[in-house]
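In listed order, ligands and their atoms are each counted from 1. Just so it is clear, the values below take in all heavy atoms, side chains as well, and ignore hydrogens, waters and symmetry mates.
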Amino acid sequence: MVFQIITLFPEMVGPVLSTSMMWKASEKGLAEFRVLNLRDFGLGPRHQVDDTPYGGGDGMLLMCEPIFAAVEYAKAQATNSKVILTTPKGSRWQQGMAAEFAERGQSGENYIILCGHYEGFDERILTLADHQVSIGDYVLTGGELPALVFVDSIVRLIPGVLGGEQSAQIESFSDGKTLEFPQYTRPAEFRGMKVPDVLLSGNHGEIAKWRKEH
Ligand code: SAM
């Protein structure tokens with residue numbers, strides 16, 4: 001599963017992609033990450049990527065030419081790539097969607113993720129998008145954090161990335177609504193706070209019942 005992130009700020013995403021589960025996924029050959037600097041596709045000697053909006057208004061918009069060129073380049077690098085455009089106006093990202101994408105990725109789909117910045121994208125860029133994704137009803141400075149949320153939430157669902165194969169199946173939202181039960185580790189008592197007796201009982205039936213109730 002190849003993830004290509006197109007961004008003006010590669011330094012924001014590189015460290016996350018080489019840490020923890022993302023690092024593990026890439027070490028095991030289960031996912032591959034590439035970061036493309038949008039500036040490399042910019043126009044003219046100054047590698048221009050943005051311009052002022054027609055009709056006036058504050059801020060700068062990412063221009064069509066560099067983004068179209070970057071997406072065409074990325075598509076040539078990995079076949080069957082779907083383009084994900086990060087935008088607060090997109091469909092709200094949910095665990096169930098991450099699970100769907102993880103499955104489609106295992107069937108050969110790859111992903112190109114577009115990070116907006118400044119005021120966002122020239123509207124014509126939306127024609128490139130197979131999916132428009134929002135990570136919540138708030139506005140961030142750029143699409144880098146949303147891109148990482150998208151990638152992380154998918155990659156950890158690829159079988160073999162998390163430690164136990166059941167880890168992802170019993171997590172919060174794995175069925176779309178239920179939250180995970182409370183968990184404890186040693187010591188059995190800390191500052192007067194005790195681990196529930198049932199978890200120390202060794203009775204797996206009772207433990208499963210308690211977990212379901214919680
Ligand atoms: N002017 C845009 C609007 O009002 O909808 C917001 C642009 S925002 C400052 C810059 C970029 O950050 C967006 O183009 C998008 O890529 C990203 N972004 C910001 N908030 C986001 C969110 N909640 N979900 C996904 N992407 C977001």
Is there a side-chain contact between [X] and [Y], using heavy atoms and a 4.5 Å cut-off?
X      : Y      : answer
Phe121 : Leu114 : yes
Asp152 : Leu148 : no
Ile6   : Cys115 : no
Asn80  : Lys82  : yes

Proximity of [X] to ligand 1 by residue part, where a heavy atom lies under 4.0 Å:
X      : result
Tyr118 : backbone
Pro146 : side chain
Thr141 : backbone

I want to know if ligand 1 touches [X] in the polar sense, i.e. an N/O pair below 3.5 angstrom.
X      : value
Thr87  : yes
Gly116 : yes
Gly136 : yes

Starting from [atom], what is the nearest protein heavy atom, named by residue and atom, and what distance separates them?
atom                    : value
atom 20 (N) of ligand 1 : Leu140 N, 2.9 Å
atom 23 (N) of ligand 1 : Tyr138 O, 2.8 Å
atom 15 (C) of ligand 1 : Thr86 O, 3.1 Å
atom 24 (N) of ligand 1 : Ile135 N, 3.1 Å
atom 5 (O) of ligand 1  : Pro88 CG, 3.7 Å
atom 6 (C) of ligand 1  : Val139 CG1, 3.9 Å

Which atoms from ligand 1 have a heavy atom of [X] less than 4.0 Å away?
X      : value
Gly143 : 12 (O), 16 (O), 17 (C)
Glu119 : 1 (N), 2 (C), 7 (C)
Phe121 : 14 (O), 16 (O)
Gly120 : 14 (O)

- Roughly how far, to the nearest 0.5 Å, is CD of Gln106 from CE of Met1?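 So the gap between those two atoms works out to 5.0 Å.
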
Hey, what's the ring geometry for [X] with [Y], parallel, tilted or perpendicular (30° and 60° as the breaks)?
X      : Y      : answer
Phe33  : Phe3   : tilted
Phe150 : Trp93  : tilted
Phe101 : His131 : perpendicular

- Modelled atom types, side-chain donor and acceptor of Thr7 and Glu144, under 3.5 Å: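 Looking only at side-chain atoms, Glu144 and Thr7 do form a donor-acceptor pair, the distance falling under 3.5 Å.
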
- With a 4.0 Å cut-off on heavy atoms, does Val133 reach ligand 1?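 It does; at least one heavy atom falls under 4.0 Å.
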
- Message: Could you check whether Phe41 and His47 have their ring centres less than 6.0 Å apart?
- Response: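 Between His47 and Phe41, the centre distance exceeds or equals 6.0 Å.
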
- Message: Taking Ile67 as the starting point, is it possible to reach Met60 by hopping between hydrophobic residues whose side chains are less than 4.5 Å apart?
- Response: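 Met60 and Ile67: one cluster.
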
